[in-house]
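Since the model is a prediction, treat every value here as computed from it, not as a measurement.
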Amino acid sequence: MTEPLLKIEDLEVIYSTDRAEVNAINGVSLEVNSGEVRGLVGESGCGKSTLAFAIMRYLDKNGKITGGRILFKGEDLRKKTEAEMEDIWGRHLGMIYQDPTASLNPSLPVGDQIAEVATAHGLASRDEAIQKAIDLLDRVHIRDPEDIVDRYPHELSGGMRQRVGIAAGLIGEPELLVMDEPTTNLDVTTEARILDIVEELTEELNSAFLYITHDLGVIARIGDAVEVMYAGQVVERGSIEELFEEQYHPYTKLLLRSIPDPEGSKGSLQEVPGSMVDLTDLPRGCNFSTRCPYRGEECFKSEPSLDDKSESHSARCFIAPIEGKVETVSESKDTGKEPIGDEPPELKREDSILAVKDLKKYFGGGSGWFPWADSDPVRAVDGVNLDLERSKTLGVVGESGCGKTTLARTIIGLSRATEGEIDFAGKDITAPISRRSPKTLKRIQIVFQDPRSTLNPKRTVGQAIARPLALHGDFARSEIPKKTARLLRSVGLDPSLADRFPDQLSGGQKQRVATARAFATNPALVLHDEPTSSLDVSVQATILNLLLELQEGSGTSYLFISHDLSVVRHISDYIAVMYLGHLVEYGRTGEIFSPPYHPYTEALLSAIPVPDPGLSRKRIRLKGSVPSAVDPPSGCVFHTRCPRKIGEVCESESPPARGEGEHKIHCHITRDELSEVEPVLG
């Protein structure tokens with residue numbers, strides 16, 4: 001039998017902190033073979049990234065490997081000097097990081113940073129390496145790669161920096177590539193392209209991958225085997241087919257059931273009860289016993305071993321196999337959660353709460369002080385029309401750069417509309433936020449993608465929530481502490497967290513605090529900009545369930561922006577599909593997910609990672625990148641990438657809005673022809 005490319009034996013890692021020692025990795029063993037994609041899944045804090053950094057010998061100064069071996073091509077990396085590791089890094093063993101900002105040098109053009117691995121190991125001259133960098137950037141869906149190689153990291157968006165990091169990891173064609181959440185913040189089409197590259201390298205170069213993610217749908221798409229981690233241990237491992245067919249550990253079963261089903265409907269998701277155990281004070285017995293719905297007396301007395309359940313399937317559980325259905329258990333049920341309250345009487349309307357008409361938002365353009373300052377505008381939002389009913393959710397989907405966030409910022413008033421109207425509850429609020437009435441400011445709120453950037457690190461959670469209460473509340477200030485506690489309970493948090501600072505909370509807790517703050521003024525409309533994109537599937541399920549419960553209790557309407565169509569289907573009543581500032585399709589959620597659909601919608605649906613390795617699906621890959629919003633294509637803006645382009649009419653004429661009832665498709669192809677398209681899902 002061929003020796004594994006990577007073999008980890010009984011690895012133990014401890015972090016030393018002022019409070020206590022953190023048992024980050026506790027006796028982990030795993031193997032990765034050449035030509036294999038091995039997935040590593042689990043919630044944040046379970047030890048996935050620590051394991052990756054231990055393999056790379058990149059642990060922080062307070063981290064220490066206290067036991068075990070890391071065998072790469074038969075040699076123990078623990079015994080290698082830093083000079084010896086420099087010959088291995090990039091060329092034989094590479095890593096793609098979750099946070100590209102931390103791994104890219106702000107003082108060097110990204111092209112030089114990508115090329116550095118190839119030139120340092122003598123794999124290519126500088127010119128050859130730069131050309132290879134350009135080819136890789138094009139391969140990972142970056143527009144104008146010849147221009148991008150000369151830019152610095154701060155000049156690129158977060159998604160572009162992530163793709164630069166992926167290109168840097170791929171350029172040396174390492175035998176083993178550790179990928180730590182490489183597609184977490186990317187849209188589904190770019191993610192699909194990255195997964196295609198992984199498959200190609202596995203086949204062409206016999207490369208091996210250790211793919212770390214919380215998205216089991218990704219692993220189902222590309223993985224050969226998977227390790228499920230919890231509290232520093234592997235609790236289940238198996239081949240992709242076996243593990244997705246039957247789960248022997250309750251944690252694995254709960255993770256799978258917390259994922260939104262792209263073929264499902266709006267409703268509550270299964271949650272993983274409780275939260276990750278404290279790694280400085282692990283419970284006696286099974287580490288998962290504090291959260292397990294099947295726990296018994298034995299689970300609290302001794303630690304289960306990782307036992308074989310079949311030839312290629314093992315689990316660390318006393319009760320496996322698990323019989324029966326896991327009952328839905330929500331952590332928030334035990335926190336005394338209270339309803340937010342009813343919508344204000346003056347905003348109770350049977351028609352739309354929000355109507356956007358021919359909305360345009362352009363950036364730049366026009367004459368400047370200097371001749372070279374003249375330029376065409378960036379057409380971020382270019383003639384959008386949409387309606388949102390009271391107590392309903394409108395999902396807005398599309399690739400990065402399509403204008404979703406700009407649309408939300410213009411509606412909320414953070415960006416001034418160039419043209420068009422924004423009607424809220426029968427009143428024109430097209431003016432920027434500084435000119436809107438206090439009543440309007442109270443009734444429209446927004447929850448941003450990253451709560452870290454919107455929560456003041458120097459103010460406590462209680463102060464963050466109290467601020468809108470103090471600014472817009474119609475009550476005595478002495479009532480603010482009581483109302484703050486009520487808001488925290490309404491989002492499933494203990495009121496005692498009011499005294500903590502944002503950096504003392506988990507990502508899911510910060511997102512709930514941001515939601516509580518948005519609901520502090522009893523809004524009629526809340527805009528959600530990618531609120532779950534960086535969260536574990538278990539935390540994501542909790543947040544989505546929370547939003548549905550808050551909406552049911554308050555009658556609040558949502559505009560929900562996301563690139564994850566599974567999430568959007570789960571929470572939305574209507575969906576708008578955006579491309580390059582335009583709406584290309586609009587309709588009820590069920591209508592968007594079945595033919596007829598716009599060719600762009602069809603491509604987005606085909607890119608959804610579904611947690612079912614046996615599912616055979618149509619694969620549609622869009623060519624090239626999203627065109628520049630400064631110089632959008634004539635005619636149909638999608639014609640440069642459309643796999644169903646029918647001819648010159650697509651290039652010269654704007655497509656008509658075809659449809660029946662509320663379902664509209666902006667396409668030159670007739671509705672009858674689009675209806676004959678084979679469904680992507682189902």
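Counting only residues at least two apart or in different chains, ring pair (Phe, Tyr, Trp, His ring centres under 6.0 Å) contacts with residues 639-666 are absent. Applying the salt bridge (charged side-chain N to carboxylate O under 4.0 Å, His left out) test to residues at least two apart or on different chains, the pairs with a partner in residues 634-646 are E399-R641, E602-R644, K645-E651. Pairs passing the salt bridge (charged side-chain N to carboxylate O under 4.0 Å, His left out) check and including a residue from residues 551-572, sequence neighbours excluded, do not occur. Note on residues 619-628: pairs passing salt bridge (charged side-chain N to carboxylate O under 4.0 Å, His left out), not counting sequence neighbours, are D196-R619, D196-R621, E199-R619. Identified under the ring pair (Phe, Tyr, Trp, His ring centres under 6.0 Å) test for residues 571-590, with sequence neighbours left out: Y579-Y600, Y579-F638.
T405 is linked by a side chain to side chain contact (heavy atoms under 4.5 Å, CB included) to R409, D529, counting only residues two or more places apart in sequence or in another chain.
V461 is listed as a side-chain neighbour of L488, based on a closest heavy-atom distance under 4.5 Å. Within the 4.5 Å cutoff, side-chain heavy atoms of L604 are placed close to those of V188. Residues P627 and V637 fail the side-chain proximity criterion, which asks for heavy atoms closer than 4.5 Å. Counting heavy atoms from C-beta outward, L565 and I575 have side chains that stay 4.5 Å or more apart. Side chains of P523 and R443 form no contact here, defined as non-hydrogen atoms less than 4.5 Å apart. In this structure, the side chains of C667 and V584 stay at 4.5 Å or more apart for every pair of heavy atoms. Within the 4.5 Å cutoff, no side-chain heavy atoms of E653 are placed close to those of S634. Under the 4.5 Å side-chain criterion, counting only non-hydrogen atoms from C-beta, S44 is not in contact with H214.
The backbone N or O of D573 sits less than 3.5 Å from a side-chain atom of T589, completing a donor-acceptor pair. Judged by distance alone, with hydrogens and angles left aside, the side-chain atoms of N385 form a donor-acceptor pair with the main-chain N or O of D358 at under 3.5 Å. A donor-acceptor distance shorter than 3.5 angstrom exists from the side chain of R436 to the backbone of I412, with no hydrogens or angles considered. Judged purely by atom type and a 3.5 angstrom limit, R517 has no side-chain atom pairing as donor or acceptor with the backbone of P468. The backbone N or O of I665 sits nowhere less than 3.5 Å from a side-chain atom of E585 that would complete a donor-acceptor pair. Between the R193 side chain and the L622 main chain, a donor and an acceptor come within less than 3.5 Å of each other. A side-chain donor-acceptor contact under 3.5 Å links S391 to the backbone of G555. Side-chain atoms of H570 do not come within 3.5 Å of backbone N or O of A541 as any donor-acceptor pair. For S557 (side chain) and E389 (main-chain N/O), a donor-acceptor pair under 3.5 Å exists by modelled atom type. In this structure a side-chain-to-backbone donor-acceptor pair under 3.5 Å is missing from K361 to A380.
In this structure, CG on L354 lies 8.5 Å from CG on L394, to the nearest 0.5 angstrom. Note that CD1 of I571 and OG1 of T532 are 8.0 Å apart. Values are rounded to the nearest 0.5 Å. Annotation: the span from R588 atom CZ to S572 atom OG amounts to 12.5 Å, rounded to 0.5 Å. A distance of 5.5 Å separates CD of E421 from NZ of K357, quoted to the nearest 0.5 Å. Atom CZ in F519 sits 12.5 Å away from atom CD1 in I465 (nearest 0.5 Å). Taken to the nearest 0.5 Å, the CG atom of D150 stands 12.0 Å off from the CG atom of D144.
K427 NZ: 12 or fewer foreign heavy atoms inside a 6.0 Å radius. Residue R671 places its CZ atom among more than 12 non-hydrogen atoms of other residues, nucleotides or ligands, all under 6.0 Å distant. More than 12 heavy atoms of other shown residues, nucleotides or ligands fall within 6.0 angstrom of atom CZ in R139.
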### Task
Tell me, with the steps shown, if D187 and T189 meet side chain to side chain donor-acceptor pair (under 3.5 Å).
CA-CA 6 Å; D187 52 60; T189 55; 2.9 Å; yes
### Message
Could you walk me through whether D180 and Y97 satisfy the side-chain contact (heavy atoms from CB on, under 4.5 Å) test, starting with their C-alpha distance in whole Å, then the side-chain angles of each, then the deciding distance to 0.1 Å, before giving a yes or no?
### Response
CA-CA 5 Å; D180 187 8; Y97 302 90; 5.7 Å; no
### Message
Does V577 form a side-chain contact (heavy atoms from CB on, under 4.5 Å) with Y597? I'd like the steps, not just the answer.
### Response
CA-CA 10 Å; V577 183; Y597 24 54; over 6 Å; no
### Task
May I have the step-by-step check of side-chain contact (heavy atoms from CB on, under 4.5 Å) for R379 and K360, ending in yes or no?
CA-CA 8 Å; R379 301 170 183 267; K360 296 182 180 181; 6.0 Å; no
#### Entry: T430 vs D428, side chain to side chain donor-acceptor pair (under 3.5 Å): CA-CA, chis, key distance, verdict
CA-CA 6 Å; T430 312; D428 186 354; 2.5 Å; yes
### Task
Evaluate side-chain contact (heavy atoms from CB on, under 4.5 Å) for N522 paired with K442, printing each intermediate quantity in order.
CA-CA 7 Å; N522 199 15; K442 287 173 61 175; over 6 Å; no
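When all heavy atoms of P502 and L455 are compared, the pair lying nearest together is CG-CB, 3.9 Å. What you find for V396 and K404 is that their closest heavy atoms are O-CD, 3.7 Å. The nearest pair of heavy atoms linking L546 to V491 is CD1-CA, 3.5 Å. Taking every heavy atom of both residues into account, G364 and P377 meet most closely at O-CB, 3.6 Å. Residue S490 comes nearest to L550 through the heavy atom pair O-CD2, 3.8 Å, listed as atom of the first residue, atom of the second, then distance. Heavy atoms only, all atoms of each residue included: L407 and M578 are closest at CD2-SD, 3.9 Å.
Between Y362 and the options D376, T418, D382, a side-chain hydrogen bond (donor to acceptor under 3.5 Å, both in side chains) holds for only D382.
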